[in-house]
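Here the structure is laid out as structure tokens; the discussion comes afterwards.
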Amino acid sequence: MTTPELPTQYAPADVETHSYQRWVAEGYFTADVGSDREPYTIVLPPPNVTGVLHIGHALDHSIQDALTRRARMRGLETLWLPGMDHAGIATQNVVERELAKEGLSRHDLGREAFVERVWRWKEESGGRILGQMVKLGDGVDWSRERFTMDEGLSRAVQTIFKRLFDDGLIYRAERIINWCPRCLTALSDIEVDHSEDEGELVSIRYGEGEASIVVATTRAETMLGDTAVAVHPSDERYAHLVGTTVEVPLTGRRIPVVADEHVDPEFGTGAVKVTPAHDINDFEIGRRHGLPSLVILDERGVITAHGPFEGLDRFEARPAVVAALRAEGRIVAERRPYLHSVGHCSRCKTVVEPRLSLQWFVNVQPLAKAAGDAVRDGRTRIHPPELAKRYFDWVDDMHDWCISRQLWWGHRIPVWYGPDGETVCVGPDEEPPPGYVQDPDVLDTWFSSGLWPFSTLGWPDRTADLARFYPTTVLVTGYDILFFWVARMMMFGLYAMDGVPPFQTVALHGIVRDQYGKKMSKSTGNAVDPLDWISRYGADATRFTLLRGASPGSDVAISEDWAAGSRNFCNKIWNATRFALMNGASVAAPLPAPAELTVADRWILSRLTAVTGAIDAGYDDFEFAKISDQLYHFAWDEVCDWYVELAKIQIASGGDVAERTRLVLGHVFDALLRLLHPLVPFVTEELWRALTGGDSVMKAAWPSPSEAYADRPAEEEIAALQELITEVRRFRADQGLKPGQRVAARLSLTGTALPAHEPAIRTLLRLDEPSEGFTATARLALGAGEIELDTAGTIDVAAERKRLEKDLAGARKEAAQAAGKLGNEQFMAKAPDEVVAKVRARALQADADIARLEGQLAALPAA
RNA sequence: GGGCGCUUAGCUCAGCGGUAGAGCACUCGCCUUACAAGCGAGGGGUCACUGGUUCGAACCCAGUAGCGCCCA
């Protein structure tokens with residue numbers, strides 16, 4: 001076989017694009033719905049159409065790509081389905097900003113033209129992330145790519161809406177919802193981010209004299225809409241006031257003092273102002289006491305109440321109201337800054353305004369119950385299991401879900417209103433009655449992404465894909481969206497698919513952090529751009545860095561140094577395989593039987609078997625950090641540092657041994673590249689093709705541990721060899737002998753298991769045969785054997801003494817510890833036999849070491 | 001306010017009842033023909049603190065402190 005010339009350094013850029021294009025062209029990523037193989041399905045959590053690939057995607061995708069590549073190699077019919085969601089608010093914002101540059105608003109265009117414009121934007125500049133996924137190497141089935149706004153998925157949305165509506169699980173009601181005064185739309189609870197912000201706490205006196213009462217608030221301006229003051233029923237301080245009325249300052253309105261269980265007597269003065277139209281808790285109090293709701297803010301957060309504050313923005317109105325109150329002597333206390341929790345729009349960061357309005361809701365109770373039960377009874381497994389509790393906390397106490405959005409971009413609510421207030425919900429193939437008008441609102445984006453695991457497979461049609469690939473095998477996503485997205489897919493999946501949950505397993509990972517464990521963000525400037533890393537270190541190195549840190553449910557810390565380390569690892573694999581190729585490594589013949597192989601061969605094959613088993617176990621639990629570490633250690637420390645060095649000697653010896661060594665090398669590297677492929681697909685593809693002449697490592701079978709090659713004695717023998725070699729190297733280093741300097745030595749290895757390894761020992765340690773005038777200047781006692789060296793001059797006695805004394809101290813400590821245990825009656829009586837045996841063995845070894853070291857020290861010339 | 005988690009080498013983490021580990025960083029010596037993106041050797045930790053259980057605790061239990069996350 002002719003071996004192609006490989007450069008001495010791996011250059012990712014030279015192979016990545018080409019390999020990816022070939023994989024796509026060959027259809028390797030395309031799932032075959034007609035095969036009779038067992039299916040393995042993952043749906044990609046759809047990124048936003050506005051999104052670009054960030055490091056969190058890179059982690060999420062690396063895990064999914066590893067899982068699906070391995071599944072394919074294991075012979076499963078594997079589908080990894082890609083796509084994007086339409087990101088209602090985010091996308092609308094992007095296009096509105098674009099319009100603003102032209103001096104236009106969406107209202108200038110009108111709804112239809114605006115939506116057309118968004119589609120145009122989507123075609124031209126949306127979905128940049130898809131091209132970036134290619135750079136990472138994502139093996140997704142592009143022939144099945146979907147978009148939440150495409151025709152099929154829109155049909156799924158309308159179908160499930162109609163079904164839920166008919167089942168009475170969707171309703172319209174006037175409620176306090178989260179409102180973004182900038183986006184001008186309702187938000188669900190999960191689209192609101194809470195943060196501890198600096199505000200003010202102002203205490204205001206309502207009423208006069210004996211009948212006055214002081215309330216504390218962070219939102220003084222809302223007093224214009226107060227319709228009560230509430231106190232706790234058992235609060236004696238205010239008992240005499242309950243049932244009376246007090247005057248709201250600045251307005252002249254009189255409002256009642258009510259008693260309500262939900263007031264915290266410990267907070268502030270124990271009395272709170274009640275603004276039912278602008279606070280969720282106050283709304284509830286208002287409902288319990290039949291209070292009116294006084295709306296004082298418009299949709300943009302501007303004061304509408306008549307008077308001097310009318311027309312002021314809520315944040316301008318606040319100091320203005322406080323100033324006016326102060327002028328009237330109403331301010332009793334002020335705390336500024338006052339830290340308290342404030343909700344922000346997750347899209348534009350504007351402070352959210354609780355707002356009373358008419359919206360559509362999903363009654364989640366029965367759906368959430370089913371979603372919880374599916375995990376409780378094990379139909380869906382959450383991994384790691386500790387995180388299941390968070391899921392239960394969420395689904396077992398879920399609030400009804402506000403699904404209407406006052407946007408233009410999205411799935412329009414399929415409800416039409418008749419001239420006399422009739423309401424009709426229209427299914428996908430139905431027509432609304434003539435003269436009816438459609439509800440102007442659109443649905444929350446999560447409403448459509450909640451259908452993702454089955455709408456993408458063709459639901460509501462009973463497609464072949466749906467029958468074959470649903471339920472999906474595993475969902476891979478961050479724990480940060482466990483509640484909303486995962487819970488919603490669970491609810492909808494169970495509801496739409498006759499109680500079959502959408503995932504067998506939900507595998508959760510953490511978020512990516514910097515090397516100090518800090519969250520990455522643009523503002524702190526510690527964010528890593530995966531595309532930057534891909535261009536500088538390669539896609540494989542980028543992936544490996546992330547996977548190497550990925551333990552289930554835990555955050556991943558990364559840094560530039562570690563990316564460089566991963567690149568070095570890829571390069572190491574590259575060069576080691578290059579060495580194998582240059583030395584005729586081959587998979588042209590089967591691996592010889594163990595009896596025909598050297599101890600070194602049997603050792604590396606035994607280790608390969610053990611590692612293969614460990615990798616499989618790692619995949620079962622999504623332990624990518626462990627998988628990566630196992631492979632890193634095996635490839636670098638065992639294959640490269642030891643086996644390759646021993647193989648060089650075997651090959652140099654020629655004959656059958658050399659031929660068999662070439663086969664072992666070939667098979668070991670073949671297996672290693674296959675095992676590594678799901679993690680680092682590009683470098684392994686290039687090398688595997690060169691090594692085996694095969695078409696693609698993607699099509700190679702996943703290695704299985706071969707017990708026939710498990711070989712405990714060989715592992716022990718090589719361990720002893722490594723120990724001996726390391727010991728002599730240590731001597732050489734301490735004596736300042738240059739690595740290349742050859743030293744004459746006499747080896748006495750009888751009594752050890754190592755005589756057969758003398759050639760290896762001589763080569764690796766650069767020890768020459770003793771010649772005529774050999775005079776030993778140093779004597780190393782190593783277990784039962786001895787190595788005498790002629791260092792051709794005086795040796796550094798002080799360095800040698802230091803080294804031996806250090807070893808002796810260690811051995812004495814060891815002996816003392818073991819003796820202590822063996823002399824402890826309780827230990828001898830209660831510890832298990834194998835532990836006692838182990839300690840006995842340690843004591844014997846330590847005693848032998850002490851004798852040996854003392855002998856060597858005594859033999860040293862006086863300093 | 002409620003709940004969860006974490007605290008092990010300079011950094012990031014593994015180990016979860018029987019002699020403290022890895023990667024990176026660090027020190028020393030080396031361009032030894034697969035690889036200097038490398039090779040060889042080495043230094044470095046009262047496993048947060050205080051008690052308890054146990055023959056034996058980084059590991060189990062209780063408490064304390066600090067940090068982080070989620071929910072309200």
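In what follows, chains are A, B, ... by sequence order, proteins preceding strands, each numbered from 1. All values below were derived from every heavy atom in this structure, side-chain atoms included, with hydrogens, water molecules and symmetry-related copies excluded.
The side chain of A:K626 has B:G15 as its nearest neighbour among B:G15, B:C55, B:C39. Closest approach to the A:D393 side chain among B:G3, B:G40, B:A37 is made by B:G3 (side chain taken as heavy atoms from C-beta onward). Nearest nucleotide to the A:R730 side chain, out of B:C30, B:C55, B:A41: B:A41. Closest contact between the side chain of A:R390 and the listed nucleotides B:G38, B:C69, B:C55 involves B:C69. When each of B:G23, B:A41, B:G38 is scored by its nearest atom to the side-chain atoms of A:A733, the top-ranked nucleotide is B:A41. Nearest to the side-chain atoms of A:D561 among the listed nucleotides B:A25, B:C11, B:A34 stands B:A25. Of the candidate nucleotides B:C35, B:A41, B:G29, B:G29 has the atom nearest to the side chain of A:K738. Considering only side-chain atoms of A:D637, the nucleotide from B:A37, B:G23, B:C55 that sits closest is B:G23. When the nucleotides B:A37, B:A34, B:G18 are ranked by their closest atom to the side chain of A:K648, B:A34 comes out on top. Ranking B:A37, B:C69, B:U19 by closeness to the A:E814 side chain, first place goes to B:U19.
The CH2-C1' distance, from A:W394 to B:G2, rounds to 16 Å in whole Å. Atom-to-atom, CZ of A:F624 to P of B:A22 comes out at 25 Å; the value is rounded to the nearest Å. Rounded to an integer number of Å, the gap from CZ of A:R766 to C1' of B:C39 is 10 Å. Spacing between atom CE of A:M582 and atom P of B:U33 amounts to 11 Å, rounded to whole angstrom units. Per the geometry, CD belonging to A:Q826 stands 14 Å off C1' belonging to B:U53, to the nearest Å. A straight line from CD of A:Q630 to P of B:A22 spans 14 Å, rounded to a whole angstrom. Atom-to-atom, CH2 of A:W562 to P of B:A37 comes out at 21 Å; the value is rounded to the nearest Å. In this structure, CG of A:N583 is placed 11 Å from C1' of B:U33, rounded to the nearest angstrom.
At the heavy-atom level, A:V644 lies under 4.0 Å from base atoms of the strands shown. If you check every strand for non-hydrogen atoms under 4.0 Å, A:A557 touches sugar and phosphate atoms only. Using a 4.0 Å heavy-atom distance criterion, A:D641 is classed as a sugar-phosphate-only contact. Residue A:S551 is classed as having no contact, given no heavy-atom separation below 4.0 Å to the nucleic acid. Among the atoms of the strands shown, only primed sugar atoms or phosphate atoms (P, OP1, OP2) are found under 4.0 Å from some heavy atom of A:R548. At the heavy-atom level, A:K838 lies nowhere under 4.0 Å from the strands shown. Using a 4.0 Å heavy-atom cutoff across all strands shown, A:R578 reaches sugar-phosphate atoms only and no base atom. Contact annotation for A:C570: no contact, since no heavy-atom pair falls under 4.0 Å across all strands. Using a 4.0 Å heavy-atom criterion, one finds that A:E727 contacts no nucleic acid atom at all.
Cation-pi check for A:K648 over A:F579 is met; the charged atom lies under 6.0 angstrom from the ring centroid and within 45 degrees of its normal. A cation-pi arrangement is not found for A:R175 relative to A:F283, the charged atom failing to lie both closer than 6.0 Å to the ring centre and inside a 45° cone about the ring normal. A cation-pi contact, defined as under 6.0 Å to the ring centre and within 45° of the axis, links A:R729 to A:W642. Because its NZ or CZ atom is both nearer than 6.0 Å to the ring centre of A:W401 and within 45° of the ring axis, A:R488 counts as a cation-pi partner of that residue.
Partner assigned to B:A34 is none, using Watson-Crick or G-U wobble distances below 3.5 angstrom. Using Watson-Crick or G-U wobble geometry with both donor-acceptor distances under 3.5 Å, B:G29 finds its partner in B:C39. Pairing for B:G18 is with B:C55, a Watson-Crick or G-U wobble pair whose two hydrogen-bonding atom distances lie under 3.5 Å. Base pairing of B:G23: its partner is B:C11, meeting the Watson-Crick or G-U wobble criterion (both donor-acceptor distances under 3.5 Å). Searching all strands for a Watson-Crick or G-U wobble partner of B:G44 with both distances below 3.5 Å returns nothing. B:C67 is paired with B:G5 under the Watson-Crick or G-U wobble criterion, all donor-acceptor distances under 3.5 Å.
In terms of phosphate contacts, A:T577 brings no side-chain nitrogen or oxygen within less than 4.0 Å of OP1 or OP2 of B:A34.
Distance alone, capped at 3.5 Å, places no donor-acceptor pair between the A:D768 side chain and the A:V743 backbone.
Atom CG of A:L631 is separated from atom CZ of A:R548 by 10.5 Å, given to the nearest 0.5 angstrom.
For the P atoms, the distance linking B:C6 with B:G42 amounts to 35 Å, nearest Å. Remark: the separation of the C1' atoms in B:G68 and B:A25 is 25 Å, to the nearest Å. A distance of about 32 Å separates the P atoms of B:A36 and B:C11, rounded to the whole Å. When the C1' atom is compared between B:G17 and B:U27, the two are found 36 Å apart, to the nearest whole Å. Comparing the C1' positions of B:C55 and B:A62 gives a spacing of 23 Å, expressed to the nearest Å.
Ion pairing between a basic and an acidic side chain is recognised when a charged N comes within 4.0 Å of a carboxylate O; A:E805 and A:K802 show no such pairing. With respect to A:R288 and A:E261, no salt bridge is recorded, no charged nitrogen being found less than 4.0 Å from a carboxylate O.
Residue whose closest nucleotide on RNA chain B sits further toward the 5' end, between A:V839 and A:F569: A:V839.
Between A:F544 and the choices A:F569, A:W562, A:Y537, A:W533, the ring-ring contact (aromatic ring centres under 6.0 Å, His included) rule is met once, by A:F569.
Interface remark: the A:K572 side chain does form a donor-acceptor pair with the B:C35 base, using a distance-only criterion of under 3.5 Å.
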